[in-house]
Every structure is written in C-alpha cells, then in structure tokens.
Protein chains: 2
Amino acid sequence: MSAHQTKQRKAITEAIQNAQGPLRPTEIQLIACQNVPRLGIATVYRTINMLLESGEIQAVPIAANDVRYEPTGRGHHHHFLCHSCNKVYDMHGCSGHMSKMIPDGFEMDDHEILIHGKCAACKKAKK
Amino acid sequence: MSAHQTKQRKAITEAIQNAQGPLRPTEIQLIACQNVPRLGIATVYRTINMLLESGEIQAVPIAANDVRYEPTGRGHHHHFLCHSCNKVYDMHGCSGHMSKMIPDGFEMDDHEILIHGKCAACKKAKK
DNA sequence: GTCGATGCAAAAACTTTGCATATTC
DNA sequence: GAATATGCAAAGTTTTTGCATCGAC
C-alpha cells in the first residue's frame, strides 16, 4: 500500500511540519539527516514532489532560485523575508480585501504576500 | 565608458521595458532575438544581472523554478498569475496597510503580492 | 590599438531519473 | 518473495564563467 511511511519520509515530513517557516530542499535534508544519516537529496526531492502532489505541502517562491516548502493547513498566513539572515517567517493576520485591485473579468483563487525587511533578531544584533 | 549601450543590451532592455508583465530569461531572449539574431542566452543572463545590480529591473518570484523580470519604476503594483495561460499581469492599486501583520520588532522595507487565478481571456476562452 | 562586450562552449548548480540494492510486509 | 523505497550516479535543466573574437571609440 502506498500509505506506507518510511523513516525517510517521516523525517522529511516532520522537518517541514516542525519548521517555523518554509525551508529549502537542502535545509530539509540537513534537518532530516539528524534522524536518517545517509538520507540522499534525491529522496528529499522525491518526497517533496509526492507531498506537493498530495497537497500536504506547498511551494513558497521567495526569490530568484529560492523556493521553500511549507505544510498546508497552517491556516491563512503570509511570509516575511529577512534580508539580513535570509530566514522566512510566517505571519498571521491578513488585511484581506485584495479584490479591489483585480482587473475586470479576472477571477481570483488565492493570494500570497511576501514582506521584505529585517527581523527582530537581526535588528537587535546589529546596532 | 561603461554607459556604452550595445545593440544587445538595448534589445534586452527594451524587451523588458515594453513587456506588459514580467518575463522569463528565455522569453526575453526570444523577443530580443527579433532585433539581434544571434543573441546568446549568456548575454541575456549577464545583462539581467547587470540591470538587477543597477536597479533598473527587479526579479519577481512566481513559482518553483519560475522567476521573471520587470523594470523598476512602474510605480507600486502587484501581480496576477493566470493558472491557465501562465501569464503574469501587472495590477495597480494596492490595498495598503500590511503593517498590522508584521511581528513586533520586525522592520518592513517592502512587500509584494501575487494573486492566483484565471485571467479574463482564459475565462472567456473556456466556457 | 585598447577596452569592454559578445558568442560559444565548458562548468557549476539545481532537479529529475535509472537502476541495483535494501526494506517492509 | 513481491512490491515499493532508497542511495548513488548519471542525465536534464538552468545559470554562470572562461576565453577567443568582435566592435566601439
């Protein structure tokens, strides 16, 4: 049966689920490697694609050549990219009404917001 | 002098400037090729990176492995990705106040919004 | 002629695929 | 033992770099 959960998949899924924000494939590998030492990057990508297809996770495009992955089902939220440490944080509470900027005849399914700036840790670190 | 404008750079810059929305590197090459037949993709990438550094254009992350580039200085606007034709449209008019979702101690520089949906042309095309 | 820009091809980086081995039931 | 998943390595992509040549002053 395909619902079989190997230790690799478990480690990868948990890495994504437990993260505070979206992670890159190599970050996922690094974290999951702590539980499954010889975990290959191919397995990480294969698992990511499986989880994307099943809808358990989704991609978050952050910048050129920087996609990260996060679990679905965390509720409506958006992202904050710190330009100092390059970490992405989840942010809850969305101002809402995007509809006013949608052109006539267009149909909106969803929206995502990415805020750029400097996180509290980096602001404190650097006087 | 470094302000020298070759026909390649001119064609690439114009392709980006004249586009109705952000373009991918290969799309830029395709358009610019109409004026400069043997234009290589390396020149496109080199020019993109130059224009990014000088601040004339900026990257728009759309999805995994899909970054597009647009001119800066079009005023504040956001993007609409049509999941049917995969085109990205500019949208003007921004609802504004993102500040309420920014965590304490974080500092916002900028924000970008990507709306997903179906464009008017695709809605009309498919009953 | 000097300087920088280009095209091509090679290299690097990132992602996917093939295949023999390993794991689960 | 059958079926699926894994690791490794090879193949695909995408982006960058090296280098000989070309073009502008």
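A note on names: the letters A, B, ... follow the listed sequences, proteins ahead of strands, and every chain is numbered from 1.
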In numerical order, the residues of residues 49-62 of chain A whose heavy atoms come under 4.0 Å of DNA chain D are none
Checklist entry - Within the structure, does a side-chain N or O atom of B/Thr43 lie under 4.0 Å from either OP1 or OP2 of C/dG7? => result yes
Atom NZ of A/Lys10 and atom P of D/dT6 are separated, to the nearest Å, by 14 Å
Rounded to whole Å, the CZ-C1' distance (A/Arg9 to C/dT24) equals 12 Å
Q | Side chains of B/Leu39 and B/Val44 in contact at under 4.5 Å (non-hydrogen atoms) | A | yes
key: Non-hydrogen side-chain atoms of B/Pro103 and A/Met91 separated by less than 4.5 Å   = yes
Pairwise N/O distances under 3.5 Å, protein to nucleotides 18-21 of chain D:
{"unit_1": "D/dG18", "atom_1": "O6", "unit_2": "B/Arg46", "atom_2": "NH1", "d": "3.2"}

**Asked** After noting the C-alpha distance and the side-chain angles of B/Arg68 and B/Leu23, does the key distance pass the side-chain contact (heavy atoms from CB on, under 4.5 Å) rule?
**Response** CA-CA 5 Å; B/Arg68 309 193 191 189; B/Leu23 299 177; 5.5 Å; no
Between A/Gln8 and D/dG7, is there a contact of a side-chain N or O with OP1 or OP2 at under 4.0 Å?
yes
When B/Thr47 and A/Ile41 are each assigned the nearest nucleotide of DNA chain C, the 5'-most assignment goes to B/Thr47
Are any of the side-chain heavy atoms of B/His77 and B/Glu70 separated by less than 4.5 Å? yes
### Touch class at under 4.0 angstrom, heavy-atom based, for A/Leu39 against every strand present
sugar-phosphate
request  = Determine, step by step, whether A/Gln8 and A/Thr47 satisfy the side-chain contact (heavy atoms from CB on, under 4.5 Å) criterion, reporting the C-alpha distance in whole Å, the side-chain angles of both residues, the deciding distance to 0.1 Å, and the verdict.
outcome  = CA-CA 9 Å; A/Gln8 286 84 349; A/Thr47 306; 5.9 Å; no
Collect all protein-nucleotide pairs involving nucleotides 10-12 of chain C in which both atoms are nitrogen or oxygen and the distance is under 3.5 Å.
none

Inset, instruction - Would you tell me if any nitrogen or oxygen in the side chain of B/Thr6 comes within less than 4.0 Å of OP1 or OP2 on C/dT6? - result: yes
Does any non-hydrogen side-chain atom of B/His78 lie less than 4.5 Å from one of A/Met101? yes
**Prompt:** Centroid-to-centroid, A/His83 to A/His116, below 6.0 Å?
**Reply:** yes
| N or O in side chain of A/Arg38 less than 4.0 angstrom from D/dT6 OP1/OP2 | no
Subject >> B/Lys10 and B/Glu14: CA distance, side-chain angles, deciding distance, salt bridge (charged side-chain N to carboxylate O under 4.0 Å, His left out) verdict >> reply: CA-CA 6 Å; B/Lys10 189 162 173 291; B/Glu14 279 178 7; 3.2 Å; yes
Separation of D/dT6 atom C1' from A/Gln29 atom CD, nearest Å, is 13 Å
Exercise for review: Determine, for B/Asp109 against A/Lys118, whether the closest basic-nitrogen to carboxylate-oxygen distance falls under 4.0 angstrom.
Suggested key: no
In whole angstroms, the gap separating P of C/dG4 from CD of B/Gln5 amounts to 17 Å
